[in-house]
Amino acid sequence: MARGGRSGACGIDPVDEEGPVADGTTTAPVAAAASADRRPPARGSDFLQLDVGDAPVGGKADWLARRLRQAMADGRLAVGSRLPPTRMLAAELHVSRGVVTEAYRRLAEDGHVEGRRRGGTVVVAAPPARPAAPRGAGPCRGPAPVPVDRAGPGAPFAGEPGADAFDALRAAPARIDLTPGRPDLTAFPRTAWLRAERAVLAELSAENLGYGDPRGAPRLRRAVAAWLATGRGIRVEPDEVLIVAGTAQALTLLSPVLRADGIDGVAIEDPGSLGTRQHLRNGALATPPVPVDDRGVRVDALRATGARAVLLTPAHQFPTGVVTSGERRRELLLWAGDGGLVLEDDYDAEHRYDRPPAAALRASSADVCYMGSVSKLLAPALRIGWMVPPPRHRDALVDAKRFTDLGNAVLPQLALARLMESGGLERHLHLLRGRHRRRRDAMIDAIAEHLPGAVVHGAAAGLHLTVTYAPEVPDTELAAAALARGVKCQPLSWHRQAPGRPGLVLGYAAPPRGAIAEGVATLGEALRELA
């Protein structure tokens with residue numbers, strides 16, 4: 001909030017004594033002239049240029065809430081912006097603190113702001129912008145219906161998803177984002193991270209600012225080894241851990257290593273992640289599909305493909321949420337013992353709510369190449385992940401990492417290591433579980449109300465739900481119709497290679513509960529209109 005360096009609490013310059021002014025002159029005594037030049041205190045704030053004189057009598061809280069919503073909708077208050085403390089804004093507007101508190105409360109109930117104790121009140125979702133009324137138009141009767149463009153140029157859901165499908169969807173404007181794979185980024189532990197960074201810089205020697213080990217900082221590899229042992233059941237030495245820039249880079253490093261080993265394809269689950277499929281194909285690897293049922297990937301179908309490698313998400317299958325059963329795990333390990341290679345993407349196993357933990361496959365066999373990251377724990381922007389390769393590929397993957405980038409940036413690695421060692425990451429995960437559970441419950445309730453007859457899959461864990469519905473409406477059309485109404489989601493068909501029942505993949509971790517309910521209600525409206 002802008003402040004003049006010499007302003008008093010009410011915006012009146014303290015010129016009640018003689019002294020030099022900015023142009024070098026001297027003020028005259030003001031005592032005699034004070035009564036002739038006394039003005040009432042300013043009744044406005046530099047914040048959004050709020051002038052309480054515009055508020056109707058008896059409607060100040062409603063006026064303030066409306067002005068704040070307008071600023072969120074037009075971009076002046078972006079998501080992540082912090083609102084002024086209630087006491088401060090009330091003093092500047094010369095209203096009671098209750099007026100400001102009531103306005104903030106209304107915004108919180110709408111899901112637009114969230115109180116964070118010492119972090120203040122933060123904008124977490126923007127309301128839809130109202131289109132400007134045409135010049136000379138009559139009274140506004142609400143926004144006109146937005147036309148649904150199901151196949152316009154550049155539309156994210158027009159035709160088969162290309163390499164830029166996720167980029168196009170991220171760039172598409174929307175008021176509510178239900179795309180899967182996003183944790184609650186507003187909950188990133190900024191204070192704990194800054195504390196870890198300061199501690200690291202305070203103790204870091206000059207030598208540690210040079211090039212690091214391409215395998216990753218030894219301190220982080222030790223911390224990851226301990227994290228995997230206690231949380232995922234994997235007993236591994238720090239020297240067996242390779243730090244990478246997320247699972248995406250792990251797959252990029254694996255592609256030439258596998259091809260050099262005579263592996264020209266990696267079987268993947270169907271349905272399974274479109275992003276994973278794109279990364280493998282970009283690495284010149286075939287991706288034969290293997291069907292998934294309610295016990296996990298079908299190992300008999302895997303054997304039938306003839307593939308020597310398979311990529312799986314056994315702890316929480318994407319996108320169905322199935323946990324691979326004990327019988328299927330044993331079949332997979334037998335298949336791996338016969339010369340197969342399992343690539344295990346443990347992308348969100350820590351986020352579980354209604355079921356006991358499922359140990360990683362790597363905990364049972366060294367023939368598994370394990371991959372994980374902090375993208376779903378902290379933020380994708382950190383670009384920090386890890387691999388535990390099988391012994392036969394370890395040296396080749398270290399070489400691939402070395403010649404790709406000489407290793408990840410060291411300072412973020414050390415900050416993360418300290419966060420892990422201090423228990424800060426575990427505390428953050430505990431906070432997220434409670435928040436994500438409440439948002440998941442809100443989404444399930446909204447689906448029951450607004451999408452009757454839909455089937456929910458994968459509710460016991462993770463950051464998303466998959467919803468299937470009656471097959472009359474293609475899911476790409478439904479996703480396009482929802483986007484035209486300001487709600488983002490992903491069609492299930494994006495993640496299929498073989499035909500299957502249409503559905504949507506809906507992320508619930510990032511939006512507040514009010515936005516989740518509104519978003520699902522919008523999906524229901526779109527489905528009824530298209531059916």
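One-based numbering along the sequence shown.
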Requested in this report: Would you mind listing every side chain to side chain donor-acceptor pair (under 3.5 Å) that reaches into residues 190-201, with sequence neighbours excluded?
Outcome: Trp193-Glu197
Report summary line: Contacts satisfying side chain to side chain donor-acceptor pair (under 3.5 Å) that involve residues 78-91 (not counting sequence neighbours) are Thr86-Arg97
Residues in side-chain hydrogen bond (donor to acceptor under 3.5 Å, both in side chains) with [X], at least two apart?
X	value
Arg116	Glu114, Thr186
Glu426	none
His457	Thr468
Arg437	Asp354

Of all residues at least two apart in sequence or in a different chain, which pass the side-chain contact (heavy atoms from CB on, under 4.5 Å) check with [X]?
X	value
Arg277	Ile268, Leu274, Arg281, Thr287, Gln497
Thr179	Leu169, Asp177, Arg182, Lys488, Gln490
Ala442	Arg513

What side-chain donor-acceptor pairs closer than 3.5 Å can you find for residues 378-385, not counting sequence neighbours?
residue : atom : partner : partner atom : Å
Arg383  : NH1  : Pro380  : O            : 3.0
Arg383  : NH2  : Ala245  : O            : 3.2

Report task. For Arg438, check salt bridge (Lys or Arg N to Asp or Glu O under 4.0 Å) against everything at least two apart and list the hits. Result -> none
Report summary line: Sequence neighbours excluded, the answer for salt bridge (Lys or Arg N to Asp or Glu O under 4.0 Å) partners of Asp164 is none
**Report entry** Pair Trp494-Phe157, ring-ring contact (aromatic ring centres under 6.0 Å, His included): steps then yes or no
**Finding:** CA-CA 9 Å; Trp494 267 19; Phe157 308 113; 5.4 Å; yes
